[in-house]
Colleague: 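Let me begin by handing over the structure; questions about it come next.
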Protein chains: 2
Amino acid sequence: MAGRSALQKEKTVKLSDVARHAGVSPMTVSRVINGEANVRSSTKERVLESVAALNYKPNLSARALAGNRAYKVALLYGNPSAFYLSELLVGALEEISRHGHQLLVQKVSESASEEKVEDSLSSLIGEYDGVIVPPPLSDYASVRDFLLENDIPAVFLSGLSGSGRNRKICIDDYAAAKEITDYLIELGHERIGFIKGNPNQFSTGERLRGYKDALAAHGLAFDKKLIVRGLFTYDSGLKAARKLLAMAPRPTAIFASNDDMAAACLAVAASEGLKVPTNLSVVGFDDSPLASAVFPRLTTVKQPLAEMAAGAINSLLDLIGSAQVVGANQSELVKMKYKIVLGASTSAPPASS
Amino acid sequence: MAGRSALQKEKTVKLSDVARHAGVSPMTVSRVINGEANVRSSTKERVLESVAALNYKPNLSARALAGNRAYKVALLYGNPSAFYLSELLVGALEEISRHGHQLLVQKVSESASEEKVEDSLSSLIGEYDGVIVPPPLSDYASVRDFLLENDIPAVFLSGLSGSGRNRKICIDDYAAAKEITDYLIELGHERIGFIKGNPNQFSTGERLRGYKDALAAHGLAFDKKLIVRGLFTYDSGLKAARKLLAMAPRPTAIFASNDDMAAACLAVAASEGLKVPTNLSVVGFDDSPLASAVFPRLTTVKQPLAEMAAGAINSLLDLIGSAQVVGANQSELVKMKYKIVLGASTSAPPASS
DNA sequence: TGTGAAAATGGTAGCGCTACCATTCTGACG
DNA sequence: CGTCAGAATGGTAGCGCTACCATTTTCACA
C-alpha cells in the first residue's frame with residue numbers, strides 16, 4: 001500500500017561515504033558541512049573536494065532528527081495581498097534553497113483579537129528554527145513580544161522591530177513618500193490629497209510623515225482636510241477618493257498609500273468624468289501588478305520584495321547560527337533601495353488651477 | 001553557536017510513550033498511525049485513545065528517515081500569476097496541514113525549451129512523495145510524460161492529464177465560457193470579440209470552443225475576424241483590444257480569456273473615449289484581484305482555486321497511498337464548480353448598433 | 001627541548017521511527 | 001478437537017546524522 005517515494009537512481013551518498021573518500025572521520029565531515037570552527041583548513045578543503053566529487057547532499061531528515069534542529073524556516077502569513085506574499089515567497093525560496101533549509105509558509109489566523117494570534121504562534125514553536133514576519137503581522141506588538149520572549153529568531157519586514165534575536169528589513173517608507181510627493185510638487189501641484197493606509201501598520205505613519213515633510217520642504221501649507229483615511233483596500237480607496245474629489249477646490253493630485261487605493265482613485269475619477277492625468281494626477285505605492293494593469297499606468301514606488309525576502313533569509317540563518325551565511329548583514333535594521341516608477345497617471349496640474 | 005530550535009515546553013511525546021500508555025508494542029502504534037490493515041479494531045481504538053490522551057504528534061523527520069519516504073509534497077511553480085499561485089498555496093497549505101505532511105513550493109524554471117524543464121524536474125525526484133502541477137506547467141507534454149515515466153504521483157490543475165499515477169482537477173472551462181458568452185448574447189450582443197489566451201494552455205482552446213458553441217446555439221454567425229490572439233498578459237491584451245476596437249463595425253462586447261486582458265480592454269476603451277459598459281461590454285475570466293480593482297468592475301468567471309488546491313492535496317495523498325484520506329475522489333478527473341461573477345462591465349449594447 | 005593548554009580529530013550512542021521477520025493468536029474446517 | 005492458514009502483534013536492527021566526550025596533535029612559551 002504505502003507508496004515509495006519515486007525512483008532513487010544511484011544509491012544515496014551519505015556522510016560516511018564522504019568521510020571514507022576524504023580519509024577522515026564522519027565527525028570531521030559533519031563539522032565541515034556545518035561550518036564549525038576548529039577544522040584545519042587543509043582538512044576542510046579535502047573534505048569539500050570529496051563532497052563535490054561524490055555530489056554529497058546531506059539528508060535533512062537525519063540532520064533534523066539527530067541534531068534536534070528543524071532546518072526549517074517559516075514565512076508567516078497573515079493576510080497581505082496575494083502579490084506581496086508571492087513576491088516574498090519567490091525571493092525567499094530561491095535564497096533558502098541555497099542553504100539546504102526548508103521554507104514553509106504558515107498561516108497565522110489574524111482574527112480580531114491579537115491574543116488569538118499568539119495562540120496560533122505558540123503552536124509553531126519548536127517546529128521552526130526561525131520565522132520571517134511580513135506586515136501586517138510585523139506590526140503587532142503582541143507578535144513581536146511573543147517572539148522576543150521566546151527567543152525565537154525572527155526577521156521582520158517593515159513594521160516593528162525589537163532588540164532580541166531579530167532583525168528588520170524594509171525600505172525607507174518615509175524617504176520614498178517624501179520623494180514621490182516632491183515629484184508631484186515639482187510638477188506644479190499644490191493641493192495634494194493623501195489617502196492614509198491602515199493605521200495598524202507602521203509604514204502608514206511613515207508615508208504620511210514623508211508627505212508632510214515634502215510639503216514643508218517646499219513651503220506649502222499643510223491642509224489637514226486633504227488627509228483622508230484608508231485601509232489599504234480598494235473599497236476604502238473608493239470612499240476616500242470620493243471624499244477628496246468632492247472637495248472644493250478639488251485637489252489636483254492624490255497620493256494614495258498603496259496601489260489598490262490609487263486604482264480606486266482612478267475608478268472614481270473616471271466615474272466623475274475626470275481625466276487622469278489631465279485633470280487629476282494619482283500616485284500609488286508598491287508597484288503591484290495592479291499598477292500596470294490599470295489605465296493609465298500608475299506612478300508608484302517599487303519595493304524590491306524578492307531581494308528583501310532573500311535578505312531576510314540570510315539574516316535569519318545568520319541569526320540562527322547556521323553558519324555558511326557569508327556576507328549576511330549583521331546590523332539590526334537593513335534598509336533596501338526603493339525605486340520610483342514613473343507611470344502615466346501623473347502630469348502637471350490643469351492650468352486653470 | 002548553532003542555536004537550538006526554540007523552546008520545547010513539555011518533553012516530546014514519542015511513539016513508544018503511546019505504546020506504553022496503550023499497552024501495546026510500538027509497532028502496533030506505528031501501524032495504527034499509518035492506517036495499515038491487520039490491526040484489530042479494538043486495539044486500534046485503544047491506541048487512538050492514547051494518541052489523543054497524550055497529544056502525540058509523529059516526528060516527521062524520524063518518519064522520513066526510517067521509512068524512506070518524504071512526507072512532502074511539492075507545489076510546482078512555473079510562473080502563473082501571483083494571484084493564482086497564492087490562492088492555490090493557501091488552499092493547499094490549509095489542507096495539507098491536516099495530514100501531517102509538508103508542502104513545499106518548488107520553482108521549475110520555465111525556460112524557453114521544454115527540455116530544461118525536465119532537468120529541473122529530475123532534480124526533485126525522490127525529494128517528494130508527489131507533486132501538484134498548476135498551469136502553465138500542467139500543459140507541457142514533457143512535464144506530463146516525465147512524471148508519468150517516473151511514476152511520480154501527480155495532480156494536474158487544468159492542463160493535460162494522463163493515465164498513470166495522476167489526477168486532474170479543473171473547472172469546466174468550456175461550459176464557463178459558453179455560459180458567459182450566453183450571458184452577453186442574452187444582453188443583446190451580436191458582435192462579440194474574443195481574445196484568446198496563450199496557445200500553450202489547454203484552457204485556451206476550451207474557452208474558445210465555449211464561445212463558439214454559444215454563438216452557434218443562438219444562431220449567430222461565427223466571424224473569424226472577431227477572434228484575436230492574446231497571451232494572457234496585460235500587454236498582449238492591449239494589442240488585441242486595439243485591434244478589435246479598430247474594426248468596423250466595432251464589436252459591442254469583448255470576451256477576454258482572462259482578467260488581465262479584460263483590464264487591458266478597459267484601458268484601451270478608455271483611451272479611445274469609449275464608455276464601458278455603455279458603448280462596450282467586457283468580460284474576463286478568473287476573478288483575479290484585478291477584476292474588482294478596475295473601473296468598472298469586471299464581469300468574469302470565478303474558479304474556486306483554494307478548494308481546487310485542497311482537492312488536489314487530497315487526491316495526491318490518496319494517490320501516494322497515504323491512507324487516512326477519507327472521501328478523496330477516486331476518479332481521474334474532477335470538475336469543480338465555477339461561478340459567473342456579475343460586474344459593472346456589461347450591459348445591453350448601444351441601441352444604435 | 002619539555003610542558004600544558006588549546007586545537008584538531010575520532011568513537012560511540014542514540015534521535016524517533018519503520019522495515020523486516022519472527023512469533024503468537026484466531027477461528028474455519030476436516 | 002487437532003490442524004493450519006492467515007490475521008494480529010512483537011522484537012530488533014538500522015535510516016543518516018550529530019551530541020558528547022575521549023583522544024591525539026599542535027605549538028607557544030618557559
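Here is how names work: the chains are called A, B, and so on, in the same order as the sequence lines, proteins then strands, and each is numbered from 1. These figures come from a predicted structure and were not determined experimentally.
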Colleague: Phosphate oxygens OP1/OP2 of dT9(C): is one of them under 4.0 Å from a side-chain N or O of Thr28(A)?
Modeller: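 Looking at the OP1 and OP2 atoms of dT9(C), neither is under 4.0 Å from any side-chain N or O of Thr28(A).
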
Colleague: Does Ser61(B) reach a base, just sugar-phosphate, or nothing at all? Heavy atoms under 4.0 Å.
Modeller: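 Nothing: the residue Ser61(B), judged by heavy atoms under 4.0 Å, touches no strand.
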
Colleague: Taking OP1 and OP2 of dA8(C), is either one under 4.0 Å from a side-chain nitrogen or oxygen of Arg40(A)?
Modeller: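 The answer is no; no side-chain N or O of Arg40(A) sits under 4.0 Å from OP1 or OP2.
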
Colleague: Does this structure show an ion pair linking Asp17(A) with Arg20(A), if we count only N-O contacts that are shorter than 4.0 Å?
Modeller: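 Counted as a salt bridge, because a side-chain N and a carboxylate O are separated by less than 4.0 Å.
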
Colleague: Taking only N and O in the side chain of Thr12(A), is any of them less than 4.0 Å away from OP1 or OP2 of dG16(D)?
Modeller: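 Yes.
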
Colleague: Could you tell me whether a side-chain N or O of Asp129(A) sits under 3.5 Å from a main-chain N or O of Tyr71(A), the two making a donor and an acceptor?
Modeller: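 Side chain of Asp129(A) to backbone of Tyr71(A), a donor-acceptor pair under 3.5 Å: yes, one is there.
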
Colleague: Please report the distance, rounded to the nearest Å, between CZ in Arg46(B) and C1' in dT9(D).
Modeller: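 Distance check: Arg46(B) CZ to dT9(D) C1' gives 11 Å.
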
Colleague: From CG of Asn68(A) over to C1' of dC17(D), roughly how many Å is that when rounded to an integer?
Modeller: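 About 13 Å, once rounded to whole Å.
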
Colleague: Taking OP1 and OP2 of dG16(D), is either one under 4.0 Å from a side-chain nitrogen or oxygen of Tyr71(A)?
Modeller: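 False: Tyr71(A) side-chain N/O out of range (4.0 Å or more) of dG16(D) OP1/OP2.
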
Colleague: Measure the distance from NZ on Lys44(B) to P on dT9(D) and round it to the nearest whole Å.
Modeller: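 Going from NZ in Lys44(B) over to P in dT9(D) covers 12 Å.
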
Colleague: Within 45 degrees of the axis of the six-membered ring of Tyr77(B) and under 6.0 Å from its centre: does Lys107(B) put its NZ or CZ there?
Modeller: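 The answer is no, since Lys107(B) fails at least one limit relative to Tyr77(B).
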
Colleague: I want to confirm an ordering. Mapping Leu65(B) and Met27(B) to their closest nucleotides on DNA chain C, which one lands closer to the 5' end?
Modeller: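 Nearest-nucleotide comparison on DNA chain C picks Leu65(B).
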
Colleague: Could you state the atom-to-atom distance from CZ of Arg69(A) to C1' of dT18(D) in whole Å?
Modeller: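 Interatomic distance, CZ of Arg69(A) to C1' of dT18(D): 11 Å.
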
Colleague: Within this structure, what is the CG-to-C1' distance between Asn38(B) and dC20(C), rounded to whole angstrom?
Modeller: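 From Asn38(B) CG to dC20(C) C1': 15 Å.
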
Colleague: Between Ile33(A) (CD1) and dG16(D) (P), how many Å, whole number?
Modeller: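 The distance from CD1 of Ile33(A) to P of dG16(D) comes to 15 Å, rounded to the nearest Å.
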
Colleague: Does the side chain of Asn55(B) pick up a donor-acceptor pair with the side chain of Lys57(B) at under 3.5 Å?
Modeller: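 Their side chains do contain a donor-acceptor pair, which is all the 3.5 Å distance test asks for.
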
Colleague: What's the closest nucleotide to the side chain of Arg63(B) if the choices are dC17(D), dT9(D), dC17(C)?
Modeller: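 The closest nucleotide is dC17(C).
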
Colleague: Tell me: CG of Leu15(B) to P of dC15(C), nearest whole Å?
Modeller: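 In whole Å, dC15(C) P lies 13 Å from Leu15(B) CG.
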
Colleague: Report yes or no: does Ser86(B) contribute a side-chain atom to a donor-acceptor pair with the main-chain N or O of Ala82(B) at less than 3.5 Å?
Modeller: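 It does hold such a pair.
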
Colleague: Rounded to whole angstroms, how far apart are CZ on Arg31(A) and C1' on dC20(D)?
Modeller: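 Checked: the CZ to C1' distance equals 10 Å.
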
Colleague: Take Val29(A) and Pro26(B), find for each the nucleotide of DNA chain D with the closest heavy atom, and name the residue whose nucleotide sits nearer the 5' end.
Modeller: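 On the 5' side of the pair lies Pro26(B).
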
Colleague: Of all the choices, dC17(C), dT9(C), dT18(D), which nucleotide is nearest to the side chain of Ala66(A) once you look at every atom?
Modeller: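 Closest of the options to the side chain of Ala66(A): dT18(D).
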
Colleague: Please tell me which of Ser41(B) and Ser30(A) maps to the more 5' nucleotide of DNA chain D, matching each residue to the nucleotide holding its nearest heavy atom.
Modeller: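 So the residue in question is Ser41(B).
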
Colleague: Considering just the side-chain nitrogens and oxygens of Ser16(A), establish if one lies under 4.0 Å of OP1 or OP2 belonging to dG16(D).
Modeller: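 It does not, given that no N or O in the side chain of Ser16(A) lies less than 4.0 Å from OP1 or OP2 of dG16(D).
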
